[in-house]
Structures are given as C-alpha cells and as structure tokens.
Amino acid sequence: GGRELRRIKTMNRPGLLALDPNGVHLAVSSSSSLDVFGCDPASGKVVQQFRAGGPVLCLAWHPEGNLLAVACHDGHIYLWDITTGKSQAVLTSVLSSAIRMSFSNNGDVLMTWGWDGAVRLWNPWTGQPLVISPGINAHLSGDGQHLVARQGSKLVLRKVASGGEYRTLPNPAAPSGELLYYGAPS
C-alpha cells in the first residue's frame, strides 16, 4: 500500500534508483545514457546532473545525504557532492568494477566489493583505499567496526581496526607504482 505522492517524468528509461537517507534527493541513472540525475522527489525537478564514466552499476548515498557514490563499469567510483555539483573524489578499483557499496553510519568509510573477489574500504573524502580484503557479498556494520564477507563456501567476520595511516611506502611488488599502506593502532 501507501498513497502515491508524485510521478516523476524522466527523459530516458530509469535504470537504478537511490533515495537519500533523508528523502530529500533521489538519484536516478538511465539505462540508455551515462547521466545520473539528482532530483528533488517532492517537486520532481532535477537539481544536479552528473556524467558517469561508463554504464552505472550501483549507487549509494552518504548518511547525511550530501554525497552520492556512483560505481561505473569503467572501474571507477565517482563521489559527487549533490549540493555543489562538484566531484569530491574518484576511487579507482584496479581489477574490477564495484558491484555493491555502502557507507558506514557515520559516513567515514565507503565499503565496496566486486567480482574480482576483493572487498575494499575507502576514505570517501580523500579517495584513499584503507583496506583491501578477500571476499564477495560483503557487508560493513553500521558502526564500521565489523566486516563480513563470503570467501568460497565460508563466511568470514573481520574486526576493522581503527587508526590512521602510519607510513606510506613504495610497493616493490607493484610495477605501476601503487603504494603499500601500513596502519598503526591509534
């Protein structure tokens, strides 16, 4: 049930939909273009329009409803500030596009997982990867302290350690110069 409040007209056939946690903005991706629209669900008016880097795979809202994460088939996750229309960060997933993603309740961590079998935790404000762990079908607890993922036929529960970056070192195993991160307890 429920009473219909409004019908929102779109230019193209809607693909993915995501309503922000406050019900103030609706993100709509089109199945026939690379545009993502930020709409006011009360009026149906488009408040922002973003150009995605490829077909959109999933959408996620920051808990405050001001930041939209858009995972695309090009292997990037675009983070847009819906109020300013500016790009906050571009997250690069080296081997695979993100299939699912979600923010921790406080919005300090964005969790993604893809078919490459990796779960990634990101700082959504800087775009820096925080943790890469094996698994798929992952879920990050609301407080960002626990991560559960499927590895083969097993479920693995991990405690996510808090702490800042201790030191960044060149990674000799990475021919393209990716960095090696080591975090120390805070």
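Throughout, numbering of the chain's residues begins at 1 and tracks the sequence.
A side-chain donor-acceptor contact under 3.5 Å links Asp143 to the backbone of Gln145. Judged by distance alone, with hydrogens and angles left aside, the side-chain atoms of Arg51 form no donor-acceptor pair with the main-chain N or O of Gly53 at under 3.5 Å. Distance alone, capped at 3.5 Å, is enough to place a donor-acceptor pair between the Gln88 side chain and the Trp125 backbone. Side-chain atoms of Asn105 do not come within 3.5 Å of backbone N or O of Gly144 as any donor-acceptor pair. With Thr83 contributing its side chain and Asn66 its backbone, the two residues share no donor-acceptor pair below 3.5 Å.
Looking only at atom types and distance, the side chain of Asn106 has a donor-acceptor partner in the side chain of Asp108 under 3.5 Å away.
Sparse packing is recorded around CZ of Arg100, with 12 or fewer heavy atoms of other residues, nucleotides or ligands lying under 6.0 Å away. Atom NE2 of His73 has 12 or fewer neighbouring heavy atoms from other residues, nucleotides or ligands inside a 6.0 Å radius. Residue Lys159 qualifies as enclosed at atom NZ: its count of foreign heavy atoms under 6.0 Å is above 12.
The ring pair (Phe, Tyr, Trp, His ring centres under 6.0 Å) check on Trp113 picks up Trp115, with sequence neighbours excluded.
Using cut-offs of 30° and 60° for the angle between ring planes, the Phe103 and His62 rings count as perpendicular.
A 4.5 Å side-chain heavy-atom check between Leu91 and Leu110 finds at least one atom pair inside the cut-off.
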